[in-house]
Amino acid sequence: MSIYLSWSEWIKVVMYVSLLVTLAHPQAMHQLEQAGGASALVPTLRGVAKNLAALTPQKLAVTILFGGSVGLFEETFFRLGLVNQLRLHFGDGFQRAWCTVLISGGLFAALHFMNALNQPLSLTVMQVLQAFGTGVLWGAIYWRSGNAVVPVILHSLTDILILTATAGTSASAAASFGASAAYMGFDFALAAIYLRPKKTRHSGIQAKPLWYNDPIEEIEENEANFLK
């Protein structure tokens, strides 16, 4: 199965991953706001490097394994599973594509409310905002490409970078509600590039229902094959 993304779209993916590297530190957005721009990138990256160096090889391996496993599991369910089913229900087209990715992204974000069980609600809300943005973006990439490899890689890298930069905690990648909203807005802007009207006439997804089979159609197909 090939990945139907042009070279320019792959550049956007690389730019997105690069931004995640910069923003992975929980104080990155705060530092950028205080310093007024790129001058904060150096201390931010130093903070990421410091936390990375503090991790033992065992903790680093566990972090990579955990982040990668979560990315694989959640993308398999929300993109490969849920987006598939929603796309089969809504079909192709600009508005239908957005319905698909917004619903799947919203459900993905809602899952993160479970984090409120062991952390402050304010932090959870920031994580939910960011998860909504990334869920919409990864859904848009999958809707266009028909391949879950890119969302799995992006999701796994996101979790690994955040866990690594925060020394094994699941802290938010942003320092305020405003920063979380800006982070979500950036993801929505990228998703809008992928789901432009002329690019949503036909989805890259070529799938049959994964969670159910129509017994009537199956019987009719078997009878037709028997009569042959």
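- Here the side chain of Ser203 pairs a donor or acceptor atom with the backbone of Trp143 at under 3.5 angstrom.
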Residues Leu195, Arg144; criterion side-chain contact (heavy atoms from CB on, under 4.5 Å); working and verdict
CA-CA 8 Å; Leu195 297 183; Arg144 277 284 308 281; 4.1 Å; yes
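- Residue-environment remark: CZ (Phe94) exceeds the threshold of 12 foreign heavy atoms within 6.0 Å.
- Gly67 and Ile160 get closest at one heavy-atom pair: CA-CG1, 3.9 Å.
- Annotation: Phe90, atom CZ; neighbour count of heavy atoms from other residues, nucleotides and ligands within 6.0 Å is above 12.
- Taking hydrophobic clusters as Ile, Leu, Val, Met, Phe, Trp and Tyr residues chained together by side-chain heavy-atom distances below 4.5 Å, Val152 does not share a cluster with Tyr194.
- Interatomic distance, His112 NE2 to Thr124 OG1, rounded to the nearest 0.5 Å: 10.5 Å.
- Looking at heavy atoms from C-beta onward, Leu154 lies in side-chain contact with Ile141 at the 4.5 angstrom threshold.
- Note: the hydrophobic cluster containing Val70 does not contain Leu65 (ILVMFWY, side chain heavy atoms under 4.5 Å, direct or indirect links).
- Between Asp187 and Gly133, the shortest heavy-atom contact is CB-O, 3.2 Å.
- Phe77 is connected to Met114 through a chain of hydrophobic side-chain contacts under 4.5 Å among Ile, Leu, Val, Met, Phe, Trp and Tyr, so both are in one cluster.
- The shortest side-chain heavy-atom distance between Tyr183 and Thr134 falls under the 4.5 Å cut-off.
- The minimum heavy-atom distance linking Ala191 with Ala140 is given by the pair CB-CB, 4.0 Å.
- Contact check for Trp138 versus Thr158: side-chain heavy atoms found under the 4.5 Å cut-off.
- Under the 4.5 Å side-chain heavy-atom criterion for grouping Ile, Leu, Val, Met, Phe, Trp and Tyr, Leu157 is not connected to Leu72 through any hydrophobic cluster.
- Residues Val128 and Leu117 do not share a hydrophobic cluster, clusters being chains of Ile/Leu/Val/Met/Phe/Trp/Tyr side chains in contact below 4.5 Å.
- For the pair Arg87 and Tyr142, the NZ or CZ position fails the cation-pi test of under 6.0 Å to the six-membered ring centre and within 45 degrees of the ring normal.
- Residues Ala97 and Thr200 approach most closely at CB-CG2, 4.0 Å, considering heavy atoms.
- Arg196 contributes a side-chain N or O that, together with a main-chain N or O of Ile193, makes up a donor-acceptor pair within less than 3.5 Å.
- Two residues are said to be in side-chain contact when any heavy atoms from C-beta on lie closer than 4.5 Å; Phe132 and Val136 meet this criterion.
- Residues His155 and Glu75 have side chains that bring a donor and an acceptor to within less than 3.5 angstrom of each other.
- Minimum interatomic distance between Thr100 and Leu86 (heavy atoms only, all atoms of both residues): O-CD1, 3.5 Å.
- The aromatic rings of Phe108 and Phe78 lie perpendicular to each other, with more than 60° between the two planes, well past the 30° mark.
- Interatomic distance, Ser145 OG to Arg79 CZ, rounded to the nearest 0.5 Å: 11.5 Å.
- In terms of heavy-atom proximity, Leu129 sits nearest to Ser180 at CD1-CB, 4.1 Å.
- Counting heavy atoms from C-beta on, the side chains of Gln127 and Leu123 come closer than 4.5 Å.
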